[in-house]
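Structure record follows, encoded as structure tokens.
Chain identifiers are assigned alphabetically (A, B, ...) following the order of the sequence lines, protein sequences preceding nucleic acid strands; residue numbering begins at 1 within each chain.
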Amino acid sequence: MKTPDIMDGMAPKRKRMMDMILALSGLKEEATVPPGKITEEIESLKIELSPLIEEILNFPDEYFEAFVTTAEKTKLAEHIADKSVLESSIESLEQSSSITSIKGIERLLKELKVALKKAEEESKSSEEIKTLVDELLEVKSSVHSNPQSAQALLEKLDIKIRYGVPPCHVACPAGVRVQRFVNLTRDEQFEEALELMRTTYPFAGTLGRVCNAPCEDDCTRGRIDQSVSIRNLHRFLADNERAKGPKVPAKPSLDKSDKVAIIGAGPAGIGCAYDLARKGYQVTIFEAQPKSGGLLRYGIPSYRLPRDILEDEITYVENLGVEIKTGKRISSPSALLQEGFKAVFVATGAASSRAMKIEGEDAKGVHHALNFLEQVNKDEKVSLGKRVAVIGGGNAAVDSARVARRLGCEVTMIYRRSRNEMPAHHLEIEATEDEGIKIMLLSTPIRVLESDGKVTGLECIRMRLGEPDSSGRRRPEPIPESEFIVEVDDVIIAIGQLIAPEDYFSDLDYTAWGWINADPITFQTNIEGVFAGGDAVSGPATVVKAVGAGKSAATAIDHYLIGNELAIAMEDKGRIVANVDADRVQTEEERRAHMPELEVEQREGNFNEVELGFDSKTASCEASRCINCSLSNMTVNVYGEEIDPSTHEKLTAEYLNNEIERGALITLIHHLGAMTAKGLAEKTGLPQNRVLQHLLRMKRSELLVITGETHGYLLYDVPRTPTESETTLETISTLALQLAQAKTNLGAIMSDLKAQDIGNLANALEVFSRARDRLQRVTISGAIIKENDLIAIEEKIRSAVVTTTRTRARLPSTRPRMTIEDLVDIDVPSVLEEYESQMGYTPLLGFGTINWDDSKCLGCKSCEIICPEDAIKLKPVLDTPRIFEIDDESMKGLPVNKSLFYQTVRNLSVKKPSQKIQLAAEAPGFGTVETDLYLCIGCRSCVRRCPGPGDGALELELKWTLPEVIRQITAQTQ
Amino acid sequence: MAEEKKSTILLCSCGGQLGLDYDMLVKELNKSKSVSDVQLYDLVCQENGLSEIADILQKTDGPLVIAACTNQKIQPRIDPYLRFKNLDPSRVMYVNIREHCAWVHEDVTDSSKKALDMIRGGLALSSLSSPITTQKKTIKNHVTVIGGGIAGIESALNLSSFGYEVSLIEVESELGGHLRKLPVIAPVGKSGNEILEMKLKALSQNSLINVIPNTKVKYFEGEMGNFMIHYLTKEGNEESLGTSAVVLATGFQEFKPTMIEEYRYGKNPDVITQLELSTMLTEGKLIRPSNDGEVKSVIMIQCVGSRSEDYKRDCSKLCCTFAIDNSIEILKHNPEAQVRVIYMDIRVPFENEMVYQQSRDLGVDYIRGRVSMVWENEGKTYVKYYDSLLNKYYEIETDLLVLSSAILPSPSLSQWSESLGYLLEDDGHVKELYGKLRRNETRRRGVIAVGAATRPQFVRESITEAQAGALVLHSELQGGEIESIQRGAILNVDDCVGCSLCAQHCPRGVPLMIEQTEEEEEIEGQKILFKAAIDILNCHACGVCQSLCPSAAIQLNFLTNEQLWVQIEAVLEDAGSDYPLTLCFYCEECAVSTIDIVGTLRRHYPASTRLIPVPCAGRVSIIDILKAFEHGASTVMIAACETDRCHFGGTGNEIAQVQVDVAREILNAIGWDGERVEMFRMFSAEPDRFLTAVNEMVKRANELGATPVHLGTAGKWKEVAE
């Protein structure tokens, strides 16, 4: 029914009121339908639907039968890779068949179950996942008790962590705390850095020059671009201190009564003495040579290691209280024990060169490298001819060659393998070539040519590389008939080292290879109380290894003297080595700092130091390249202050926890595919919000995204896009369930259709309609199943839906109706209530005038806010004269602060104001109320809302009431 | 009122370097009846001093007034120390005799006199103080997310992961929002439905999440921990739902550019919006709507309604990417199609740039310029555009004209802001609490906004925001037990008259007006009586409510009206016509920093000034200003934060401005000089601004001379002829 025509041309406010009344009385809705009409409608609906219903009910059976046939043909089930799809589909289909049977569903179910079983057999069994999780938990618990197995597990699971010992530290045979001293250097805390190094050894200046730096080989930064220049940083620290004058250490109190003797003042001996002295032992070193230092002094040329550096560092050790007796050869370690030393450390080194054992080796002009270097280093005169050949590729060979070059010779190095196999440090080899030394590779001398007992040349043979030998290097094999002659005046042989004949002791056991037979872990020899280490035990190695051996021997000797069981005390517990994913570490592209060197032209004919050292800026810059791949430096905070050890422990423990937990989550996602936080929480046993926090963090660092990308997942809970088969199966099984329900409902409703069922009928048909639409998008191998049937049934379902909806629209609701006439005598209070419940505010009463009493107004704007018609406003106008006119009674009635305000104004006033004040802007708490009577509908909301004292500041003077209004409207209608 | 307890005073000499007349101070203060002991100490802030403070608090039961340096420095040392010792820090009052006194005045006598007055003020304040305690509250573990688009879904999933029960309310029958209509989403290249599908699956398997579709939210009641959401169901029934927090994830709506007549949208069926094109492409078809014909050429117009003085001023951020995505999608449907994009600037952030490059490689034509006219002729659509790079006009025929229309916030946001109490930006997006540090939070505690409710957002940004929002909410709700702050407003509900001024102006929307029960209605007849209710958990103790309350029903627990008034009276003890004083109320946000900096810099200003701290300038009511004059102040100033920079997330300083403005008008009207009161704004490090202000007010005090209070003419209005 249309609204009455009288609404046209009515004043807007009237029109609105009329509208309200009509809404209230239900007159705006459809007219009442008599019950007979309802039955009629239902009957005609039945008739219209009957030809359609049967086909609609049958359509799922036909469809699914065809679907299953195609699915079987195309082996749909076998293409489902996601097990959860199979599981959820089976669940839906089982539910569906429990509701009603649809043809084909059982067959499909069977197919899927077979596929699921197969998938379960193939996929990682839950047992394996459990093992995985258990293994991760084991890592956590075994980190301290059994670090080796923890490390092995981490590696097996490919979990990268920053927890653990930095690899540089692990690589250092002497155990220098590299990462920490590099960090201190970065922070320009040079003295602290050097002190830290001195807790390990006193040789910062020496090893800072001659060390082969295994730490740099393992430096994680090296996996990104180039390793941190750790060795040069050592050296810088030492140089930096030297520039300020020699440092005298605080002398430890040598409080242990036991005396220890050390034979040999080389790196191993001094390293051992240094640690023992700091432990409080009185140590005496016996050195056969006139000066201390061993091979550091007599083997390494001074252009690599200036002697004052070496001497200062040995002096430093002596200042600790270590006595070095030079020029004193010991003939028997056991004798020392009898002289009152409680322990002896034999560190005599390998001070003689190995012979070639070829014809002519005794000729004049054939030198053995160590002898040659010793002579030069003792400033003894060595006469060399113009052309010199150096045989060998190790450090002694390189040193000999460079020394010979400095003596003015033309030098050729002859090495039997290729450059890759040369044992000398690659930088040394480069320096050799820079200085103009020729390197002849894959060649070996087979005879020294002589004339009058004097060398004239070498007969050599070409070599080629065969299979790798036990050292891992490819074995050189001579090429038959490739002999050639090199004309030389002198030959220096540097193919290996042996213990010098004078250094053999009759009371010690030796191995078949000629080295002292000492336990590799406890350093004990066959004589109780006599220990041995360094090159004399291991064969020629590096300086840093010798120092490391000396240090370890010192620990062993200490245990021995205290009386600890050595085998237990020295047992290696292993440790976790930090292993970060270097690819993921953000660094600036910066190559390592260049070491300034003496120009090549300036090297000839002198033994000046070649490497010139870093300045402090370069050093701290270089140190800042360290990426801190391990947490070990966390004992120092960003300000360089020590962190309290318990805090540090907590921090690292937490870090380890986080890393392992995150590792576990990633590993699970790897193996099982995408999971929600909840699923991961169940699998790992971690709390769910912790899992989520990890996921968010990993997502921020993109770790997860990368894992996801590699394994086909975008985000942690957005798994890979399902395949066509998967989508198809999911859709089909959901629809099967929906259709089964709808089919049952529809059947039940249609068997006895009643008016109140019409809503359900429409809903059931809707389900069919939507399901059909979706089925038309379902494909197997790109083809739509039963496409023609789907199109044919579309029209029928649609027509059933439309017919039903139309009928529903024609059926009445249950609301009682009123006529306009009824309204005239309406019961006002009941209308008020109903209107309020419908519209949210108290209904209209009529038209009226609002009166405002300013002495009761609080300026709160409540009236303005509550007015449904925007008819009342608080204007920013202050009626100041009125403040002075409020009587005492009204003043008492006002809220306390309001009256205090008025009172204070009066107390301050010199004169009574005469005018109102117009404020520039709205001022909460102040103002004048104005009403727009054209808009007011007299609902009294404002009056009732006003919080002013007494009845409030507002009053409605009512002009017309509701019945009057209605009467007016009725009059116009007629 | 609490029983008056005597206070101890601890005077700090700051290592003997303040140079105040301590003998005089000790002597004068000892005269006060409310003082039990005055102690002089060299360095209160050091370990010995701290243990001295603890000692005093242990031995006495009264308040302790510490006159030392600024409480901004010293209080953060003392409070934790006392808490560690299990003592109540609220018993300590601070008076700044260093930065506000000794360091800023040349004359020792003057600055000592000022110090004495200010300590007297602190003493008066402390004499009425009472201890303050902390409260906890247990709430329901339930959050409601409004809006079932990607942000809403993600919010629900995340919140459920924290263990909250979640109701997800969606107005449409299906979840997914706009994502359903997007055929492809840069840079992942998946369709909206693909991304949605798995989210929806996770949702359906999540027992903690209850999805309520077909539901329109009407309004809200309550506060964090106890919100009530009223909504209309599909059937039109009004129902309600109790929840502890609300996530607004209402997404965006596309601007329908019917009013931009030159583009012919709504008149020519072949002119469609970008989102309409997305919908078409998602449905897998690309046709001319006018005749179902093939689409061979497409023109897209960027910035339709965005970056425009007439419609939406800022960039809508998403439209460029939408257009590019759709261009590529069109070329997938019809590789022969010609796509032209007419743009002002192409703005594609981050890796979306790659998609832009891809589109160029595929041959999408980008034309920098604007379209001036669209018309039809014989069923064909023509476009005239200006190419700004070639400086030429072109006319061209097209099958489809696509308008990249502005992205607007949901209109529901403004409807709900009234009952939910959050604020909106001018453009209708939800205003975040603090753009730099407190994103996603709204003015209202327990209400957060995520996704496009705050600004146009890409899908992954919406996801990130939803996750961030969940964390923010989790840290607020604490899984069910929330803690109140110590300082706050206390409501005496018996005194409340229900005017709602506090509720209207609280910067954080804390007071709520509750309609009273029917019994009370009976007594009051037809009156609708409201009473305020305070959720102290959300109170930030600014005092705006207190300064507006006409009935003194609501007061800060550490600064009641009486406390401030006795303090005003005490600091103005020396005031008179021979010693004109300027009283400065300063807020403990920006103003205190600036005034402290003046002190630290040892800049000088006249000692005829007395300073009183308030938590926020909004705490100062007109009565407080008038009281200052009543007690003899010559001029009164308020030092507060800059316009729009109220640190309480609202309008404390504007409320103060109203008090000053009205006070000036009234003073003028009653025979005073309105110039005697003034408001000054400053950022937190503007010493010159404060110095200018304070010198001006001291100058006025001297120039305007004796006040009517000094002259004895105040209150004599009846004797003056009109």
Taking CG in A:Asp888 as the centre, count heavy atoms belonging to other residues, nucleotides or ligands within less than 6.0 Å. Is the count above 12? no
Are any non-hydrogen side-chain atoms of A:Asn907 and B:Glu630 less than 4.5 angstrom apart? yes
Quick one: what part of A:Val943 sits under 4.5 Å from any heavy atom of chain B, side chain, backbone, both or neither? backbone
Interface moiety of B:Ser621 toward chain A, non-hydrogen atoms closer than 4.5 Å: neither
Sort B:Val709 into side chain, backbone, both or neither according to what part of it lies under 4.5 angstrom from a heavy atom of chain A. side chain
How close do B:Gly671 and A:Val910 get, heavy atom to heavy atom, and via which atoms? O-CG2, 4.0 Å
Against chain B, work out which of A:Ala921, A:Cys946, A:Ala920 has the most heavy-atom pairs shorter than 4.5 Å and name it. A:Cys946
Measure A:Leu894 against the heavy atoms of chain B and call it side chain, backbone, both or neither at under 4.5 Å. neither
With a 4.5 angstrom heavy-atom cut-off, could you sort out which part of B:Leu626 is near chain A: side chain, backbone, both or neither? both
Could you tell me which non-hydrogen atom of B:Ala669 sits nearest to which non-hydrogen atom of A:Ile917, and how far apart they are? CB-CD1, 4.0 Å
In terms of heavy-atom contacts, does CD of B:Glu418 have more than 12 from other residues, nucleotides or ligands at under 6.0 Å? no
Among A:Ala681, A:Ser862, A:Ser899, residue most engaged with chain B (heavy-atom pairs, under 4.5 Å): A:Ser862
For the residue pair A:Arg945 and B:Gly498, what are the closest heavy atoms and their distance? NH2-O, 2.7 Å
Do you know which of A:Ile883, A:Thr880, A:Val905, A:Val691 has the most heavy-atom pairs with chain B at a distance under 4.5 angstrom? A:Val905
Counting only non-hydrogen atoms closer than 4.5 Å, does B:Leu711 touch chain A with its backbone (N, CA, C, O), its side chain (CB onward), both, or neither? neither
Under 4.5 Å to a heavy atom of chain B? For A:Phe901 that would be both
Chain A heavy atoms under 4.5 Å from B:Ile622: which part of the residue, side chain, backbone, both or neither? side chain
Can you tell me if A:Gln915 has over 12 outside heavy atoms packed within less than 6.0 Å of its CD? no
Which value, rounded to the nearest 0.5 Å, describes the distance between B:Ser551 atom OG and A:Leu900 atom CG? 12.5 Å
Validation row: B:Asn561, A:Asn897 side chains within 4.5 angstrom (heavy atoms): yes
Counting only heavy atoms closer than 4.5 Å, note whether B:Asn206 contacts chain A via side chain, backbone, both or neither. neither
With side-chain contact (heavy atoms from CB on, under 4.5 Å) as the test, would you mind laying out the steps for B:Lys718 and A:Lys912 before giving the verdict? CA-CA 7 Å; B:Lys718 281 182 187 159; A:Lys912 185 183 159 189; over 6 Å; no
Is chain A contacted by the side chain of B:Gln657, its backbone, both, or neither, given a heavy-atom distance below 4.5 Å? neither
Measure A:Leu908 against the heavy atoms of chain B and call it side chain, backbone, both or neither at under 4.5 Å. both
Assess the residue pair B:Glu194 and A:Thr727 against the criterion (side-chain contact (heavy atoms from CB on, under 4.5 Å)); give the C-alpha distance rounded to whole Å, side-chain angles, the decisive distance to 0.1 Å, and a yes or no. CA-CA 10 Å; B:Glu194 278 175 284; A:Thr727 319; over 6 Å; no
